[in-house]
Novice: 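Sending over a structure as structure tokens; questions will come in a sec.
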Amino acid sequence: MAKVQQGDAAAYEQILNELGPVLLGYVRKRVFNREIVMDVYQEVLLTFHKARHSYEVGRPFGPWLFTVARNSMLDALAKNRKFVEREIAVEELPEPGAWEADSAAEGELGDELARALEALPPLNRQAIELLKLKGLTLEEAAAQLGVSVAALKVRAHRGYKQLRESLKGKS
């Protein structure tokens, strides 16, 4: 490993050839989903490559190696779990007719929201429109209206409260 850290390519190739099967066996014994074993193994090898500078020559190599491998494997499994949790199975997708119903419901909500926004007092409506519809920052919106940031926040807060009350009865 000392030679690897000094940049010896032949030593690095030799250590990878010797450790590859060992690390693959380590991953296979601990990863129960056979579909991702090779992905996790590749992550372990990549982490070994990135962490090779952190090995302290003179200390036992095995514990360092398996600590790197274990941590890398756990990270790879956590990443994979997050990805799998966000996957949507094809069977779970709604039918095309259901999409149109969702769009109609969104349109109704948009119409109700537009009516509720129009019913607000002009100062509160302006604050909400600048902040939420036009996406201006507090400072930009306050400058455009010629008021302080604090005054703009008060107007927006009052407007949000009025919108909630107005839309509460509609849902």
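On a predicted model such as this, the values are computed, not experimentally measured, just so you know.
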Novice: Got a sec, which pairs hit salt bridge (charged side-chain N to carboxylate O under 4.0 Å, His left out) with one end in residues 147-159, sequence neighbours left out?
Specialist: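 Pairs touching residues 147-159 that pass the test: none.
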
Novice: Provide the closest heavy-atom pair for A69 versus L23 in the form atom of the first, atom of the second, distance.
Specialist: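 Looking at all heavy atoms of both residues, the closest pair is CB-CD2, 3.9 Å.
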
Novice: Out of curiosity, L16 CG to L45 CG, how far, rounded to the nearest 0.5 Å?
Specialist: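 Those atoms lie 6.5 Å apart.
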
Novice: Around R28, counting heavy atoms of other residues, nucleotides and ligands shown, do more than 12 lie under 6.0 Å from its CZ?
Specialist: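 Open: at most 12 neighbouring heavy atoms sit under 6.0 Å from CZ of R28.
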
Novice: Answer yes or no: is there a side-chain heavy-atom contact under 4.5 Å between V40 and N33?
Specialist: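 The answer is no; the side chains never approach within 4.5 Å.
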
Novice: Answer whether the closest heavy-atom distance between the side chains of L77 and I36 falls below 4.5 Å.
Specialist: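 Yes, their side chains come closer than 4.5 Å.
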
Novice: Please report the interatomic distance NE2(H157) to CD(Q162), rounded to the nearest 0.5 Å.
Specialist: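 One finds 10.0 Å between NE2 of H157 and CD of Q162.
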
Novice: Any side-chain heavy atom of L24 within less than 4.5 Å of one from V44?
Specialist: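 Side chain of L24 against side chain of V44, heavy atoms only: no contact under 4.5 Å found.
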
Novice: Side chain to side chain contact (heavy atoms under 4.5 Å, CB included), that's the test. Do L46 and Q42 meet it? Break it down for me.
Specialist: CA-CA 6 Å; L46 184 61; Q42 291 296 321; over 6 Å; no

Novice: Distance-only criterion, 3.5 Å: show the donor-acceptor pairs between side-chain atoms of residues 135-148 and protein atoms not counting sequence neighbours.
Specialist:
from : atom 1 : to   : atom 2 : distance (Å)
T137 : OG1    : E140 : N      : 3.1
T137 : OG1    : E140 : OE1    : 3.4
E140 : OE1    : T137 : N      : 3.0
S148 : OG     : A151 : N      : 3.1

Novice: List the residues meeting salt bridge (charged side-chain N to carboxylate O under 4.0 Å, His left out) with E56, not counting sequence neighbours, and say none if there are none.
Specialist: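 E56 satisfies salt bridge (charged side-chain N to carboxylate O under 4.0 Å, His left out) with R59 once adjacent residues are dropped.
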
Novice: Measure the spacing between CG of D8 and CE of M1 and express it to the nearest 0.5 Å.
Specialist: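 D8 atom CG to M1 atom CE measures 12.0 Å (nearest 0.5 Å).
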
Novice: Check salt bridge (charged side-chain N to carboxylate O under 4.0 Å, His left out) between E129 and all other residues, then give those that pass, not counting sequence neighbours.
Specialist: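 Scan of E129 (salt bridge (charged side-chain N to carboxylate O under 4.0 Å, His left out), adjacent residues dropped) gives R125.
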
Novice: Measure across Q5 and H53 and return the closest heavy-atom pair with its distance rounded to 0.1 Å.
Specialist: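 For Q5 and H53, the tightest heavy-atom pair comes out as NE2-O, 3.6 Å.
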
Novice: What residue pairs, at least two apart or across chains, pass ring pair (Phe, Tyr, Trp, His ring centres under 6.0 Å) with a residue in residues 7-43?
Specialist: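 Non-adjacent pairs meeting ring pair (Phe, Tyr, Trp, His ring centres under 6.0 Å): Y12-H49, Y26-F66.
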
Novice: Any salt bridge (charged side-chain N to carboxylate O under 4.0 Å, His left out) pairs touching residues 17-27, not counting sequence neighbours?
Specialist: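 For residues 17-27: none.
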
Novice: Which value, rounded to the nearest 0.5 Å, describes the distance between I128 atom CD1 and L117 atom CG?
Specialist: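 Atom-to-atom, I128:CD1 and L117:CG are 6.0 Å apart.
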
Novice: Please identify each residue that fulfils side chain to side chain donor-acceptor pair (under 3.5 Å) with E43, with sequence neighbours left out.
Specialist: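 By the side chain to side chain donor-acceptor pair (under 3.5 Å) rule, E43 matches no residue at all.
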
Novice: Under 4.5 Å between side-chain heavy atoms, counting indirect links through other Ile/Leu/Val/Met/Phe/Trp/Tyr residues: same cluster for V31 and L74 or not?
Specialist: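 No; L74 is not reachable from V31 via cluster members.
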
Novice: Taking only residues two or more places apart in sequence, or in another chain, which ones meet K161 in a side chain to side chain contact (heavy atoms under 4.5 Å, CB included)?
Specialist: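 Per chain and number, K161 pairs via side chain to side chain contact (heavy atoms under 4.5 Å, CB included) with R164, E165.
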
Novice: Can you pull out every side-chain hydrogen bond (donor to acceptor under 3.5 Å, both in side chains) where at least one residue sits in residues 63-75? Sequence neighbours excluded, please.
Specialist: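 Listed by first then second residue: T47-S72, S54-W64.
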
